[in-house]
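Quick notes on the structure that follows.
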Amino acid sequence: MSQVRVRFAPSPTGFLHIGGARTALFNWLFARNKKGIFVLRIEDTDQERSTKESEDVILRAMKWLGMDWDEGPETGGDYGPYRQSERLNIYKEYAQRLLGEGKAYRCFCTQEELDLQRQEAKEKGEFQGYTGKCRDLTEDQIKEYEAQGRKSVLRLRINEDEEIVINDLCRGMINFSSNEFGDFVLVKSDGFPSYNFAVVVDDMLMKISHVIIGDDHITNTPRQVMLYKAFNTKVPEFAHIPMILGNDGSRLSKRHGATSVEEYRDQGYMKDATVNYLSLLGWSPKNDQEIIEVDETIKRFSLEDVSRSPAVFDNTKLKWMNGQYIRNCEMDTLITEVSPFIDKEKYEIENKEWLAKALKIAREHMTLLTDINEQLTYFFDKTLDKTLNEEILKIFEKESAFIVVDEYIKRLEDLEADKFYYEPLRDNLKVIMNEHNIKGKDLFMPLRVALTYSTSGPGVYPMLQVLGKEHSIDRMKEFVQKVRKSNSLEA
RNA sequence: GGUCCCUUCGUCUAGUGGCCUAGGACACAGCCCUUUCAAGGCUGCGGCACGGGUUCGACUCCCGUAGGGACUACCA
């Protein structure tokens with residue numbers, strides 16, 4: 001069996017869309033599963049809308065998600081160049097070939113003429129495609145048009161009554177009749193190739209074996225098949241994968257919120273979670289597994305298991321999944337991924353060891369990487385809100401609250417700094433518990449509040465461990481002082 | 001309008017004629033765990049679009065109907 005070669009071919013007219021990313025992902029997964037080649041090709045034949053910035057953004061997003069390509073811009077390869085704007089001479093050559101063989105012809109119709117034609121056809125309820133007005137122009141007519149300075153396009157001469165069968169890898173046989181298609185444009189009047197023409201020339205020359213693409217292209221495929229036939233060349237396999245929809249069931253777009261991959265990255269989604277979620281949109285490992293790491297996805301991926309129906313993008317589930325990754329990934333991974341989100345103005349992270357300690361607590365309370373700053377407030381005096389609200393004061397209406405904190409401070413002062421880990425911290429508190437018969441909420445709440453000025457948040461022991469001896473004691477002392485002062489003012 | 005595609009809980013999905021009283025996950029509700037908030041565990045809520053066939057037997061096969069979507073460009 002010949003080598004599997006697939007491609008992802010975005011047009012650089014904006015960011016990498018979530019839907020595009022999923023298409024890229026399925027191509028990439030398929031290539032890696034088959035030990036094939038993943039080609040990245042930039043389809044920048046739309047002179048108006050294509051930009052280099054957009055290309056950069058797309059490549060960056062691809063890299064972020066970990067989809068590496070074997071051939072493409074920056075990487076090169078044997079079938080380059082990989083930007084369509086750099087392949088113009090190639091398209092020209094192949095256009096010439098079709099023209100020479102009479103399989104394509106020049107059309108001098110103006111936009112206005114075509115619009116009018118289409119309008120009339122629409123009113124009569126007739127076929128709206130190009131009807132072939134310029135199909136059989138004589139040499140003289142062509143010369144005359146040229147003399148008038150009219151621009152021309154190149155159109156494919158489509159055979160009548162031809163059956164076009166696509167054997168789709170995801171959905172089986174799809175039949176079309178050539179009569180449903182007008183002679184479509186291959187080369188635009190600006191000399192640039194049209195989408196379908198460039199795609200076919202490139203896929204053919206780049207020896208693409210499988211075209212995996214969104215099913216919104218399903219009606220483009222028969223056109224491409226006709227072109228392959230015109231070139232007398234082998235037609236690749238096709239797999240049309242379902243689209244991704246917004247929560248209202250329509251095509252995913254800006255009004256559904258974030259749709260660009262980098263937006264998700266910036267919002268604090270981890271790349272592995274994003275890839276995991278995307279891979280489960282239209283594909284299933286066929287067991288009850290939800291969290292599935294990419295290596296295993298590669299192993300199990302197959303086009304036959306791709307569903308045929310569109311999937312609604314569900315942010316809530318992605319969030320849940322992101323939380324799973326934050327809580328369960330390697331600490332080193334978490335440190336790497338979360339670091340860019342830490343507000344450096346507010347928080348000076350001493351070192352990696354300290355951050356790891358803090359993250360051990362913080363990760364339990366995070367859904368997005370951006371949640372880190374909210375979690376970090378507990379550990380820094382600069383940002384901690386030290387307001388004594390009613391809830392806090394209420395806890396210290398009980399005398400026992402003061403006993404707990406005061407006694408614990410005393411005991412901690414006698415505890416060596418390197419003993420600030422779970423067992424010693426617990427044992428010291430136990431003594432207080434037993435001596436004063438204070439337990440449960442009455443025991444822990446005062447301490448938590450003294451350490452964090454909050455009735456919710458990290459557990460007491462982890463908090464002490466992260467703050468360390470000196471800082472813990474200072475904080476509690478300061479707190480007790482403030483409460484006493486507040487109480488005396490009231491009295 | 002035409003052509004094509006799609007249709008299992010609100011959402012993502014498992015299901016390839018009997019294993020289905022339709023399984024899992026997110027969300028939601030309740031309970032448990034617990035020093036708080038989370039996390040975690042358990043339970044519940046909730047679905048085969050509809051109508052005809054085929055068959056001893058249909059979520060599964062066929063045909064209609066309805067609904068949704070895509071395309072119908074010198075945009076990709």
Side-chain angles (χ1 to χ4, degrees), chain A residues 9-13 43-50 84 107 109-111 114-115 118 121-130 151-155 166 168 170-171 174-177 179-182 184-196 198-199 214-223 240 242-243 245 247 249-251 277 280-291 305 307-321 323-324 327 361 363-367 429 439-449 452 454-461:
Chain A
S11 45
T13 55
E43 307 211 324
D44 55 351
T45 52
D46 184 344
Q47 288 192 88
E48 308 262 299
R49 300 194 298 150
S50 299
Q84 291 190 327
C107 164
C109 294
T110 63
Q111 197 60 59
L114 294 174
D115 288 345
R118 205 180 344 265
K122 198 172 183 177
E123 277 161 20
K124 289 184 199 155
E126 285 171 359
F127 175 66
Q128 286 173 42
Y130 184 70
K151 289 196 165 180
S152 71
V153 300
L154 192 71
R155 288 183 186 272
I166 298 163
D168 191 287
C170 292
R171 48 192 90 210
I174 308 172
N175 300 293
F176 293 91
S177 159
N179 299 344
E180 294 157 23
F181 303 95
F184 60 91
V185 170
L186 304 179
V187 179
K188 300 184 261 184
S189 55
D190 62 3
F192 273 60
S194 70
Y195 169 72
N196 281 309
V199 164
D215 70 7
D216 48 332
H217 281 81
I218 219 159
T219 42
N220 273 323
T221 302
R223 288 176 233 268
H240 292 93
M243 308 213 324
L245 310 176
N247 46 21
S250 73
R251 192 184 186 139
Y277 180 73
L280 258 27
L281 237 38
W283 174 81
S284 156
K286 308 255 154 182
N287 54 19
D288 292 341
Q289 215 174 338
E290 300 285 335
I291 304 297
D305 293 339
S307 83
R308 283 152 299 278
S309 48
V312 173
F313 191 88
D314 181 13
N315 232 304
T316 314
K317 185 158 183 178
L318 171 58
K319 258 190 191 152
W320 165 79
M321 197 169 270
Q324 293 293 312
R327 246 160 274 129
I361 306 173
R363 73 193 313 188
E364 296 297 323
H365 304 265
M366 291 167 59
T367 312
L429 191 57
K439 55 190 173 185
K441 276 190 188 181
D442 289 337
L443 185 68
F444 283 91
M445 228 4 138
L447 292 173
R448 177 197 327 290
V449 170
T452 64
S454 166
T455 52
S456 68
V460 167
Y461 299 127

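Only a predicted model underlies this, so the values are computations on that prediction, with no experimental measurement involved. In what follows, every chain begins at residue 1, and chains take the letters A, B, ... in the order their sequences are listed.
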Partners meeting ring-ring contact (aromatic ring centres under 6.0 Å, His included) with A/Phe192 (sequence neighbours left out):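 Counting only residues at least two positions away or on another chain, A/Phe192 forms no ring-ring contact (aromatic ring centres under 6.0 Å, His included).
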
Quick one: label [X] by what it contacts on the DNA or RNA (base, sugar-phosphate, nothing), any heavy atom closer than 4.0 Å.
| X | result |
| --- | --- |
| A/Cys170 | nothing |
| A/Phe176 | sugar-phosphate |
| A/Glu180 | sugar-phosphate |
| A/Gln111 | base |
| A/Ser177 | nothing |
| A/Ser11 | sugar-phosphate |

Just the table, please: protein N/O against nucleotides 28-37 of chain B N/O, every pair under 3.5 Å.
from	atom 1	to	atom 2	distance (Å)
B/U35	O2'	A/Arg448	NH2	3.2
B/U35	O2	A/Arg448	NH2	2.3
B/U36	O2'	A/Thr455	O	2.8
B/U36	N1	A/Arg448	NH2	3.2
B/U36	O2	A/Gly457	N	2.7
B/U36	O2	A/Gly457	O	3.1
B/U36	N3	A/Arg448	NH1	3.2
B/U36	N3	A/Gly457	O	2.7
B/C37	O2	A/His365	ND1	2.9

Tell me the interatomic distance from [X], atom [atom1], to [N], atom [atom2], rounded to whole angstroms.
| X | N | atom1 | atom2 | value |
| --- | --- | --- | --- | --- |
| A/Phe184 | B/A76 | CZ | P | 13 Å |
| A/Leu186 | B/C75 | CG | P | 12 Å |
| A/Arg49 | B/A73 | CZ | C1' | 12 Å |
| A/Lys188 | B/C74 | NZ | P | 10 Å |

Taking pairing as Watson-Crick or G-U wobble with both contacts under 3.5 Å, can you name the mate of B/C48, or confirm there isn't one?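 Base partner found: none.
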
Listed by chain and number, what are the salt bridge (Lys or Arg N to Asp or Glu O under 4.0 Å) partners of [X], not counting sequence neighbours?
| X | value |
| --- | --- |
| A/Arg308 | none |
| A/Arg171 | A/Asp215 |
| A/Lys286 | A/Asp305 |
| A/Asp216 | A/Arg251 |

Taking the side chain as every heavy atom from C-beta outward, state whether A/Tyr130 and A/Val185 have any pair of such atoms under 4.5 Å apart.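 In short, these two side chains do not touch, never coming nearer than 4.5 Å.
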
Report yes if some heavy atom in the side chain of A/Lys317 is under 4.5 Å from a heavy atom in the side chain of A/Glu290; otherwise report no.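 Yes, their side chains come closer than 4.5 Å.
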
Polar-atom pairs under 3.5 Å, protein N or O versus N or O of nucleotides 69-72 of chain B: list them with distances, or write none.
from	atom 1	to	atom 2	distance (Å)
B/A70	O2'	A/Asp216	O	2.9
B/C71	OP1	A/Arg251	NH1	3.2
B/C71	O4'	A/Thr219	OG1	3.4
B/C71	O2'	A/Thr219	OG1	2.8

Its contact letters, B for base, S for sugar-phosphate only and - for none at protein heavy atoms under 4.0 Å, make nucleotides 43-51 of chain B read ---------

Going by side-chain contact (heavy atoms from CB on, under 4.5 Å), name the residues that satisfy it together with A/Leu245, two or more places apart in sequence or in a different chain.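 Partners of A/Leu245 under the side-chain contact (heavy atoms from CB on, under 4.5 Å) test: A/Met243, A/Pro310, A/Val312.
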
Who passes side-chain contact (heavy atoms from CB on, under 4.5 Å) against A/Pro193, sequence neighbours left out?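 Expected list: A/Thr45, A/Leu88, A/Tyr91, A/Phe197, A/Ala198.
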
Determine: side-chain N/O of A/Gln324 to OP1/OP2 of B/G40, distance under 4.0 Å, yes or no.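 For A/Gln324, the contact criterion (side-chain N or O under 4.0 Å from OP1 or OP2 of B/G40) is met.
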
B/G52 and B/A58: how far apart are their C1' atoms, nearest whole angstrom?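 Going atom to atom, C1' in each nucleotide, I get 14 Å.
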
Using atom C1' of each nucleotide, how far apart are B/A38 and B/U8 to the nearest Å?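 Per the computed distance, 34 Å lies between those C1' atoms.
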
Would you list the protein and nucleotides 61-65 of chain B atom pairs, both N or O, that sit under 3.5 Å from each other?
none

Please list, pair by pair, any protein nitrogen or oxygen found under 3.5 Å from a nitrogen or oxygen in nucleotides 13-15 of chain B.
from	atom 1	to	atom 2	distance (Å)
B/U13	OP1	A/Gly282	N	2.5
B/G15	OP1	A/Lys286	NZ	3.2
B/G15	OP2	A/Lys286	NZ	3.1

